[in-house]
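Worksheet for the structure shown next.
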Amino acid sequence: MDPILDGLNPAQHQAVTSPAPILQVLAPPGSGKTKTLTARVAYLLSHHGYQPQDVICCTFTIKASREMRERLGKLIGQRLQSRLILGTFHSICRRYLVKYGYLIGLRRGFGIADSDDSRAILRRIIKRLNSGMEIRAAQGRISRHKAHGLSPDALAERVKAEELELVDIYREYESALAASNLLDYDDLLLRCGDLLREHPECVSNVQAVLVDEFQDTNVIQYDLMNLLAAKNRRITIVGDPDQSIYGFRSAEIQNLRRMQRRYSNTSVVLLEDNYRSSGSILTSAQEVIEQDTTRPAKKLQPTHSYGTLPVLRKLPTANAEAQWMVLEIKRLVAMTGSLLRMSDFAVLLRSASLSTRIETAFGRAGIPYNMVGGRKFFDRTEVKTLLNYLRVVSHTGHTDALLSIINVPPRRIGDETIKQLTGGAEKYSVPLWTFIKDVIQGCRSTEKKLQKAAELGLCSLVKLIEASRQKLQDCCDASAPRILLEHITESLSFQEYLIRTYPLDEDGRWANVKELMGQANEAAANDEDNSEQDELPDIEGVEQQQSHAGEEALSRFLANVALATDLTTQEEGQEGEKALEKVTISTIHAAKGLEWPVVFVPAVYNGIIPHSRAEVVDEERRLLYVAMTRAQALLYLSLPLRQPRIGEGEDSSTSLTPFLPGKVTKTRFRPTGPRLHEKVVYAIADILRRPRPSEEDMLKALSSLPSTLDDHWTAEGEEQRDAATKWESLNDAPNEPYPKRRRPDTNQGPSTTTFVSSTGYTMSNPSQFTVPTTLSGFQSARHYITTSTDPPAESASPSTAETEAARQPKQSSTASRKDGLTQASISNFFGDPEARHKSASPSQHSGRSHKHSDTTMNSQHHNTCVQQRTAPSLRHCPRTALRPDQSSPRGPMKSARMMSMTQASHESHPPAPAKADTGSGEVKQESAARGVQSVSTFHTTTMSMVSQQPASGRRTLGIRRSMNGWEARMKRESGGR
DNA sequence: ATTAACGCCTTTTTT
DNA sequence: AGGCGTTAAT
């Protein structure tokens, strides 16, 4: 059978093979969205005979596009994959503009202004105009206007007196960009739109356009999609309105409908089976999202067992919350044998700034972590500085870059000097650079005479830049960035400069510089052997732009840096094979599309989520939904009850997010972490499709735990009376009573401090835990772990089981009722029911009405049945290719599962077509008939490519900061005072 | 008169 | 960690 279609469930199969030219795939979390999209790309190539360079595939994040490439490489082979036009909207636009931008009067070698650049420009403008407007606000508003295609003039026409100020700033901003030959993020999209409108021949080769995460498109991107597909009007989009979390970036869910109106022949396929999360996680996430009544109802069907109820934990303070996560992670790792490792945990945050406390606690406890989101590699000052040198060399008109390096390292050029220079440049209306050069050469002069020292400083700067530009001219290949970097760092004695300015952290800083050089090197190497990946196909009759190879390489390097704010490579390599397993700490936004076995979502209180500055509450709810649906087996939400108030006075108390009303929390959450006895652990293993740990393993690490329970704080979030004394010394000390405007963590000593509490165990060295024998649970540990019946001691467990069992029938009835509702309202939502396929939802789930006596066991039956049914699909399905280690345990696992398996539980899932007859029934096969290329030959090639490709699974865990944030902080703070 | 250094404040989310 | 205002040093 067709390997492309192998392992697709019927709905996915239908989406992949749909002959419809305009196709919308609605894919809720964990439904195999990326798998479906990649399979569709492969299918279009093989069955429709499209050439890869004629297929455009747009994603929103770099991470997503990388993952697409990786998966497609496996499916269709590296060679074909590399010829696809695949990338973020922004990077695809850049490619078109580089090649054809001259057609709309774009100057060669334009640069890209990242948001820091934009801010710098705006800061200057706002200062000059004496406007009191906040930079960030101006930035946001301008961007929004741009995203709606509103030029300064157009905006001026709809003046409100209040807006007028913005119009001026906007206008200035645009001309500043133009003067420096820069395009900002919005411009990339806008100008590309202009290009394609005026010269549609540039995309006359395009056969099909595919868009991932369509709910995140803004109007411009939507237009762009249509323009790209103008020739053949074949569009596939994948998306989920429930996961729209980029409204702040002008994304419009409306585009789904807009698209249907525009193309009356739009087909819609719904994916509803969730392969990621346990049933209980899914149910509670559903409860959250369904509070949005404007949203069309939509059912998500779990394929896993009900599992362990999610936790909603109350803690006294934010520090306690962080501390609790530490304990809970340790408890889980220890008590599940080797089932869970550090990399299986994620902490997802509404805002990056919440991470500091958590980083502190993790650092102290020796838990390795990795912060994703927030500041990135290319944002680090020393890296930025060097990049700005490169930008000036690449384009001397780049005034902002010039200003940012003019006195770095210090050249005795201060504010006054700069004022003279910029003033002069403006007076003669020449670029700043030209004016400076003229002043140095004596053919122009400033109003006030410059200081000798400043003049000398300027002189050395000019020399350096001029020499570098000469070098660039002499260098006619892709090594230009590297050569220039070497030249510049050397001439500046950059290393000495770093040592001087950052005496505490100098090797870290220098390492970053070296890293940057490594990037430049790699870019050069990449350029040599596969220039394809970044190339657009040539189109007959349309001239492309020619340029100097070295310059070209340099501006490409800079553009990639601006767009790929993210480090793919290295890093992991540096730390070698023993790359440490790390907990992921990430913003929710950056976590989209990813999954982890265990997910913590701290700070679920009003003001954080929904965020106090949020404009649209619904979006905040969706954010919580996205966070919750990242979890596979265990989900923890938590909040501190008190929050230190800024400024004076006592802590204020927090209130739980309104997205978790009492009715939901009572039934769908437990107040503390679950007991981790055998059954629970096995259920986790099964959901993760990993081998169940042995009893020995589960017992082994136990002695390192202070407690087998989540009982350091009461369920109400109070300090436990007897535990309090032990904890006081290491817990809140730095934080209390009020953080008197000092950083909460300033009290920590240098890294040599051991956080030894009087009771004798240290958090900084987990292996040395000495366990106070008075703590509960140890004498009978083995007994405890293996007991299959819930000990009467724990209150949550029996009652939980009970409620869960009791709920089951009720739930199923709502489910089936909703199923009907679902279809109706969705067709409502999408209008014109005739135009679309009937939903191919494989499972009508006609009702799971039988009585469940034991949740775990019972759902496990259910589970195994499902797994059996979908076994082939699970292989690729929701595994987001994150952890290379996950593929290994699958083999032995399967047999274990088989053994524990009983009869299929028929009702929930009709004995489904396994791969043999998947979808052949309900899917019209016209597409196959239309297929141009011989299917079978294609597949042989495909397969051989797949197998010859080594399992060089590059880790894709996204943005990484090369240094462990904790170490950096320790270092800084230990010497900082 | 300029520059460099220190302290204080703030931080939504991303291409 | 960056931006801002104030103060110390040149």
Side-chain angles (χ1 to χ4, degrees), chain A residues 58-65 87-94 112-116 118-120 123 127 134-136 139-140 143 146-147 183-189 213 216-218 220-221 244-251 348-356 372-376 379-381 384 404 407 410-420 448-454 457 500-502 505 559 562-566 586-592 603 607-616 619-620 622-623 626-627 646-647 741-743 959 965 968-969 972 976-977:
Chain A
C58 305
T59 65
F60 274 82
T61 61
I62 323 268
K63 219 183 330 184
S65 73
T88 61
F89 270 104
H90 297 266
S91 89
I92 290 174
C93 287
R94 186 192 67 82
I112 294 171
D114 64 26
S115 55
D116 277 358
S118 298
R119 265 173 60 201
R123 177 173 16 259
K127 211 172 221 165
E134 255 180 78
I135 297 168
R136 286 189 89 91
Q139 194 181 18
S143 171
K146 286 181 110 166
L183 300 183
D184 70 11
Y185 289 133
D186 298 309
D187 288 328
L188 282 175
L189 307 175
E213 306 273 19
D216 291 335
T217 48
N218 64 25
I220 301 289
Q221 286 160 331
S244 161
I245 53 177
Y246 284 101
F248 70 92
R249 213 171 72 183
S250 313
L348 304 185
L349 308 167
R350 170 67 245 261
S351 63
S353 56
L354 290 166
S355 73
T356 42
V372 177
R375 276 211 105 61
K376 286 150 207 149
D379 291 343
R380 282 174 235 169
T381 46
K384 272 227 122 127
S404 80
N407 199 31
R411 297 190 177 87
R412 313 208 59 84
I413 300 168
D415 290 345
E416 186 57 30
T417 311
I418 289 173
K419 207 168 102 195
Q420 291 301 314
K448 270 191 269 179
K449 189 100 176 69
L450 296 181
Q451 287 203 326
K452 268 272 131 40
R500 235 180 310 130
T501 14
Y502 308 99
D505 196 20
L563 287 181
T565 330
D566 163 353
S586 167
T587 59
I588 298 174
H589 284 89
K592 186 148 89 154
I608 296 292
I609 195 158
H611 196 275
S612 48
R613 302 173 78 143
E615 286 160 23
V616 189
E619 180 152 313
E620 298 289 304
R622 290 193 292 266
L623 216 35
V626 168
I646 3 119
R741 19 176 76 188
R742 309 201 72 185
R743 300 178 56 87
I959 312 165
R969 182 167 310 132
R972 220 182 314 122
R977 235 161 305 115

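Each chain gets a letter, A, B and so on, in the order the sequences are listed, and its residues count up from 1. Owing to the predicted nature of the structure, the values given are computational and were not obtained by experimental measurement. The analysis underlying the following values was restricted to heavy atoms, covering all of them including side chains, and did not include hydrogens, waters or symmetry mates.
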Rounded distance in Å - CD1 (A:I112) to P (B:dT14) = 19 Å
Looking at A:R119, does any N or O in its side chain come under 4.0 Å of the phosphate oxygens OP1/OP2 on C:dG3?
-> no
Hey, does A:Q221 have a side-chain heavy atom less than 4.5 Å from the side chain of A:D216?
-> no
Counting any heavy atom closer than 4.0 Å, what does A:N407 reach on the DNA or RNA strands: base, sugar-phosphate only, or nothing?
-> sugar-phosphate
OP1, OP2 of B:dT3 versus side-chain N and O of A:T417: anything below 4.0 Å?
-> yes
Listed partners of A:K448 passing side chain to side chain contact (heavy atoms under 4.5 Å, CB included), at least two apart | A:E416, A:Q420
Nearest-neighbour nucleotide for the A:T381 side chain, C:dG2, B:dT13, B:dT15 considered = C:dG2
Between A:K448 and A:S351, whichever has its closest DNA chain B nucleotide further toward 5' is A:K448
Can you check the A:I418 CD1 to B:dA1 P distance for me, whole Å?
-> 19 Å
Identify, between A:R411 and A:R136, the residue whose nearest nucleotide on DNA chain B lies closer to the 5' end.
-> A:R411
Just wondering, do A:F60 and A:H90 contact through their side chains at under 4.5 Å, heavy atoms?
-> no
Separation of B:dT14 atom P from A:F60 atom CZ, nearest Å, is 15 Å
Take atom NZ of A:K449 and atom P of B:dA1, then tell me their distance rounded to the nearest Å.
-> 18 Å
With respect to the side chain of A:T88, which nucleotide from C:dG2, B:dT15, B:dT14 is positioned closest?
-> B:dT15
Is there a donor-acceptor contact under 3.5 Å linking the side chains of A:D186 and A:S143?
-> yes
Tell me, do A:F89 and A:L188 make a side-chain contact under 4.5 Å, heavy atoms counted?
-> no
Touch check for A:F89, heavy atoms < 4.0 angstrom, all strands: base, sugar-phosphate only, or nothing?
-> nothing
Under 4.0 Å between any heavy atoms, over every strand shown, what does A:I413 touch: base, sugar-phosphate, or nothing? Just pick one.
-> sugar-phosphate
Does A:S115 put a side-chain nitrogen or oxygen below 4.0 Å from OP1 or OP2 of B:dT14?
-> no
Any side-chain heavy atom of A:K592 within less than 4.5 Å of one from A:Y246?
-> yes
Rounded to the Å, how far apart are A:H589 NE2 and B:dT13 P?
-> 9 Å
Tell me whether the OP1 or OP2 atom of B:dT15 has a side-chain N or O from A:N218 closer than 4.0 Å.
-> no
A:D116 CG - C:dA1 C1' separation (whole Å) = 11 Å
With centres under 5.5 Å and planes under 30° as the test, does A:F248 stack with B:dT14?
-> no
Whole-Å distance, A:E134 CD to C:dG3 C1', equals 13 Å
So what does A:D415 hit on the nucleic acid, given a heavy-atom distance under 4.0 Å: a base, only sugar-phosphate, or nothing?
-> sugar-phosphate
Between B:dT15, B:dT13, B:dT11, which one does the side chain of A:R249 approach most closely?
-> B:dT15
For nucleotides 4-10 of chain C, which of its nitrogen or oxygen atoms have a protein nitrogen or oxygen under 3.5 Å away, and what is each distance?
none

ring-ring contact (aromatic ring centres under 6.0 Å, His included) between A:H611 and A:F248, worked out = CA-CA 12 Å; A:H611 196 275; A:F248 70 92; over 10 Å; no
From CZ of A:R613 across to P of B:dT13 the rounded distance in Å is 10 Å
List in chain and number order the residues that pass side-chain hydrogen bond (donor to acceptor under 3.5 Å, both in side chains) with A:S244, two or more places apart in sequence or in another chain; answer none if no residue qualifies.
-> none
